[in-house]
Amino acid sequence: MVIEISRDIERYRETAALGLTARQMAFSAASVAVGGGIVLLLYPLVGLTPSVYVAVPAVAPVALGGFYSCNGMNFYEFMGRKIRMMFLNRPLVYASTEGEETIRRIRMEEEAEKKAGRKKKRMDRKRMEKTEKGGV
């Protein structure tokens, strides 16, 4: 007897009804209640279409709470982290471990190496000129 098990077992979710999980069903009911409440309250004042336009921005975060998932986080966790990163994250500051004296010494050593390299090139050039003159 062979029983097939999905390789994507981590993504398996128990469905409550209509292919939705219990969390999705709860947030769906909450979003319908919020949207319906706003529309029913505003309908006598402004009409159907404007009341729906007002209800949509209120319903969207509630609905996203049940259906949105990014990197294993739900909508509220994701937005909380995003807001913390935007406003509460301190900038990284580089603090040098070398003092000014050390940096000056390193630069002087580099300049000395460059001078030595130039001097060596001049000496090599002079040697080449002597060998060319002597060889001709």
Side-chain angles (χ1 to χ4, degrees):
M1 181 174 185
V2 177
I3 299 173
E4 293 288 326
I5 297 176
S6 175
R7 292 179 188 235
D8 224 2
I9 195 101
E10 292 176 1
R11 291 185 173 214
Y12 176 76
R13 294 194 175 147
E14 187 72 34
T15 58
L18 302 172
L20 300 175
T21 63
R23 178 183 176 85
Q24 291 171 340
M25 286 292 288
F27 276 93
S28 296
S31 63
V32 168
V34 168
I38 291 172
V39 169
L40 288 175
L41 287 173
L42 293 179
Y43 176 71
L45 301 172
V46 293
L48 181 63
T49 304
S51 64
V52 170
Y53 284 136
V54 171
V56 167
V59 169
V62 177
L64 284 172
F67 290 93
Y68 185 80
S69 176
C70 180
N71 294 329
M73 296 181 285
N74 64 29
F75 175 71
Y76 299 114
E77 288 176 280
F78 179 74
M79 289 308 291
R81 286 187 182 205
K82 191 169 190 167
I83 289 170
R84 270 196 309 271
M85 289 298 290
M86 286 190 315
F87 299 113
L88 301 176
N89 197 20
R90 290 179 288 154
L92 297 175
V93 179
Y94 173 74
S96 176
T97 56
E98 295 113 8
E100 288 183 34
E101 193 60 42
T102 308
I103 294 171
R104 236 183 258 123
R105 183 179 45 80
I106 292 171
R107 285 188 181 152
M108 289 177 73
E109 288 174 2
E110 289 174 353
E111 288 176 16
E113 287 176 10
K114 285 181 185 177
K115 285 181 183 178
R118 283 189 224 135
K119 188 175 181 181
K120 186 178 184 234
K121 283 183 183 178
R122 271 186 275 165
M123 296 295 283
D124 289 342
R125 228 181 289 135
K126 285 182 182 179
R127 230 181 272 133
M128 290 294 288
E129 290 173 1
K130 285 182 183 178
T131 55
E132 287 176 4
K133 286 181 184 177
V136 175

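Keep in mind the model is a prediction, meaning the values are calculated, not measured.
Between Lys126 and Glu129 there is no salt bridge, since none of the side-chain N atoms of the basic residue sits less than 4.0 Å from a carboxylate O of the acidic one. By the 4.0 Å N-to-carboxylate-O rule, Asp124 lies too far from Lys121 to be salt-bridged with it.
Ring pair Phe75/Tyr68 is perpendicular by interplanar angle, where above 60° counts as perpendicular and below 30° as parallel.
Between the OG1 atom in Thr102 and the CD atom in Glu100 there is a gap of 10.0 Å [rounded to 0.5 Å]. From Met79, atom CE reaches atom CZ of Arg84 across 11.5 Å, with rounding to the nearest 0.5 Å. Rounded to the nearest 0.5 Å, atoms CZ (Arg107) and CD (Glu110) are 8.0 Å apart. To the nearest 0.5 Å, atom NZ of residue Lys120 and atom CZ of residue Arg127 are 8.0 Å apart. Expressed to the nearest 0.5 Å, how far CG of Leu48 lies from CG of Leu42 amounts to 11.0 Å.
Inter-residue side-chain proximity for Phe67 and Ser28 is flagged as met; some heavy-atom pair is nearer than 4.5 Å.
The two residues Ser31 and Val62 come nearest to each other via the heavy atoms N-CG1, 3.6 Å. Here the closest heavy-atom approach between residue Ile38 and residue Ala58 is recorded as CD1-CB, 3.4 Å. Scanning both residues, Val39 and Ser51, for their nearest heavy atoms gives CG1-OG, 3.8 Å.
Side-chain atoms of Asn74 come within 3.5 Å of backbone atoms of Tyr76 as a donor-acceptor pair (strictly under, hydrogens ignored).
Not counting sequence neighbours, the partners of Glu109 by the salt bridge (Lys or Arg N to Asp or Glu O under 4.0 Å) test are Arg105.
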